[in-house]
Amino acid sequence: MGINIINDPFKNKGTAFTAQERKELGLEGLLPPYVQTLDEQVKRVYAQFQSKTSNLEKRLFLMEIFNENHVLFFKMFSQHVVEFMPIVYDPTIADTIENYSELFVDPQNATFLSIDDPDAIENSLRNAANNRNIRLIVVTDAEGILGIGDWGTNGVDIAVGKLMVYTVAAGIDPSQVLPVVLDTGTNNEKLLKDPLYFGNRHKRVTGAKYYDFVDHFVKTAERLFPNLYLHFEDFGRDNAANLLNKYKDEITTFNDDIQGTGIIVLAGILGAMNISKQKMVDQTYLCFGAGTAGAGITKRIYDEFLQQGLTPSEARKHFYMVDKQGLLFDDDPTLTPEQKPFARSRSEFQNADELTNLEMAVKTIHPTILVGTSTQPGAFTENVVKEMSAHTERPIIFPLSNPTKLAEAKAADLLKWSNGQALVATGIPVEDVEFNHVKYQIGQANNALVYPGLGLGVIASTATLLNDEMISAAAHSLGGIVDPTEPGAAVLPPVSKLNVFSTTVARAVANSAVKQGLTRTQITDVDKAIEDTKWTPHY
């Protein structure tokens, strides 16, 4: 009995078990005699963490603590959020994904579902849940992990890491979450040839068989866990939007790559509007990188134009998308359904044949907002930035690609080339930038500012759907936090106050759900519902 408790991260307290608990639970002799407090454990383990010499070593150490003791892990994480975020999640998580099989020690409470054995889905979910009340699943097929691509079963770390952030940021109970990977094969030749790879060793299954498998998973999960919030993560470009469109009006679901990134970019733009005192509907929006994330962001900003009173035809005039072939035109047969609404007619431009790169597009269009999701390092050149700055007083420039080596520009360069006028957010954490005796705070367009609070609001309110009104409420709740009077103010709030802003987002989302009558149960006090839902790490 005692050994089982020590080996259960949901129950283990390690050296914090009291003498009475050790006697009652059969732990006598299994632990050193001194009883530590949780704070003493945190101090000891954090000192061990600091002794590690690389970020990968630090992450592997933290995963050991997570596998052994959830309370200790999350207590320490909550005290060192800024320091731990890039270790636990992006960018260090990319290293563990790329070396998952080689580094494998523990499955970390994850569920592995194989397209080669769909009949095992129900038993697999039951086994993983182990009679826990599952309220949140993060599921991935890891075909489109931003910045690194297709990593098959290795991508389970994405689901695990995402759920860790849900807990530390928004207090989602770790006993009520489940990471799931859908193994439908991989097109990554390196993995297929790797003798240590744990996943299915065949090409990705596509078409009807793929969608039937996903549907089987969704229906089974919804039946087993009737109060479920289902978060899709890092699905490939061809499938992500299809799956979101299929389920968004049927179940409480969310795709972070399409919706989450869109929310945080919208929040950043709203923050920029607070600083510049400009109007959203006066902006000209250019997205560089028209994949799943780029198209999802563009759609979210477009929807905001509609909510601010423009008609669809009026709003579309403000939007342009550039990809590897240049400006997207409506006669391009390779356009995805998500790109088509924002493709332009060649007849609009006398120089249409010249619009084959970002610089020419910027010179022709004169955007006031430039968002990068291209993973093309250095794409936002000095010429591009100076051209933007020549036509708008406060250019809004968001190089969002990550990790660092894939960023479209450095924040310091953007401020230098725009003479301090650019309103900047990045996809990676960036230190403050000094320019012309002003300290500029650089907002990080980190989805972690949004999706944990979004999930908390949905779960606390028992929402039956997550719709555009709730998503818009989340973005506005973040965008309104900016202090426009502060010189060099960031367009987004800092990650250091993640738990505070997650509650802000949750409150906005829950209030919207209640106002729309989209809750399973009657909620009379949103704040109480949120506080009652939160979990705090303590013994």
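Every value quoted in this text rests on a predicted model; they were computed, and no experiment measured them.
Between F198 and F104, the ring planes are perpendicular. Angles over 60° get that label, and only those under 30° would be called parallel. In this structure, F254 and H231 have perpendicular ring planes: the angle between them is above 60°, well past the 30° mark.
Atom OG1 in T111 sits 5.5 Å away from atom CG in L125 (nearest 0.5 Å). Going from atom CD1 of I301 over to atom CG of L266 covers 4.5 Å, rounded to the nearest 0.5 Å.
Ring to ring, Y451 and Y166 are close: their centroids are under 6.0 angstrom apart. Separation of the F217 and F213 ring centroids does not fall under the 6.0 Å cut-off. Separation of the Y100 and Y197 ring centroids does not fall under the 6.0 Å cut-off.
Remark: side-chain polar atoms of D256 are not paired, donor with acceptor, to backbone N or O of E233 under 3.5 angstrom. Side chain of N188 to main chain of W151: no donor-acceptor pair is present (N/O by atom type, distance under 3.5 Å, no hydrogens or angles). In this structure a side-chain-to-backbone donor-acceptor pair under 3.5 Å is present from D183 to G185. A donor-acceptor pair is defined here as one N or O able to donate and one able to accept, closer than 3.5 Å; no such pair exists between the side chain of E469 and the backbone of S512.
Between T186 and N200, the closest side-chain pair of non-hydrogen atoms is not below 4.5 Å. Between Q444 and V430 there is no side-chain heavy-atom pair separated by less than 4.5 Å. Looking at V322 and L328, their side chains never come closer than 4.5 Å, going by heavy atoms from C-beta outward. Looking at heavy atoms from C-beta onward, I158 lies in side-chain contact with Y89 at the 4.5 angstrom threshold. A heavy-atom distance below 4.5 Å is not found between the side chains of V265 and R300.
Among F84, F61, F66, F10, the single residue meeting the ring pair (Phe, Tyr, Trp, His ring centres under 6.0 Å) criterion with F73 is F66.
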**Message:** Checking H318 against Y285 for the ring pair (Phe, Tyr, Trp, His ring centres under 6.0 Å) test, could you report, in this order, the C-alpha distance in whole Å, the side-chain angles of both residues, the deciding distance, and whether it holds?
**Reply:** CA-CA 6 Å; H318 294 257; Y285 182 95; over 10 Å; no
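Contacts of E304 classified as side chain to side chain donor-acceptor pair (under 3.5 Å), with partners at least two apart in sequence or in another chain: Q308, S472, H476.
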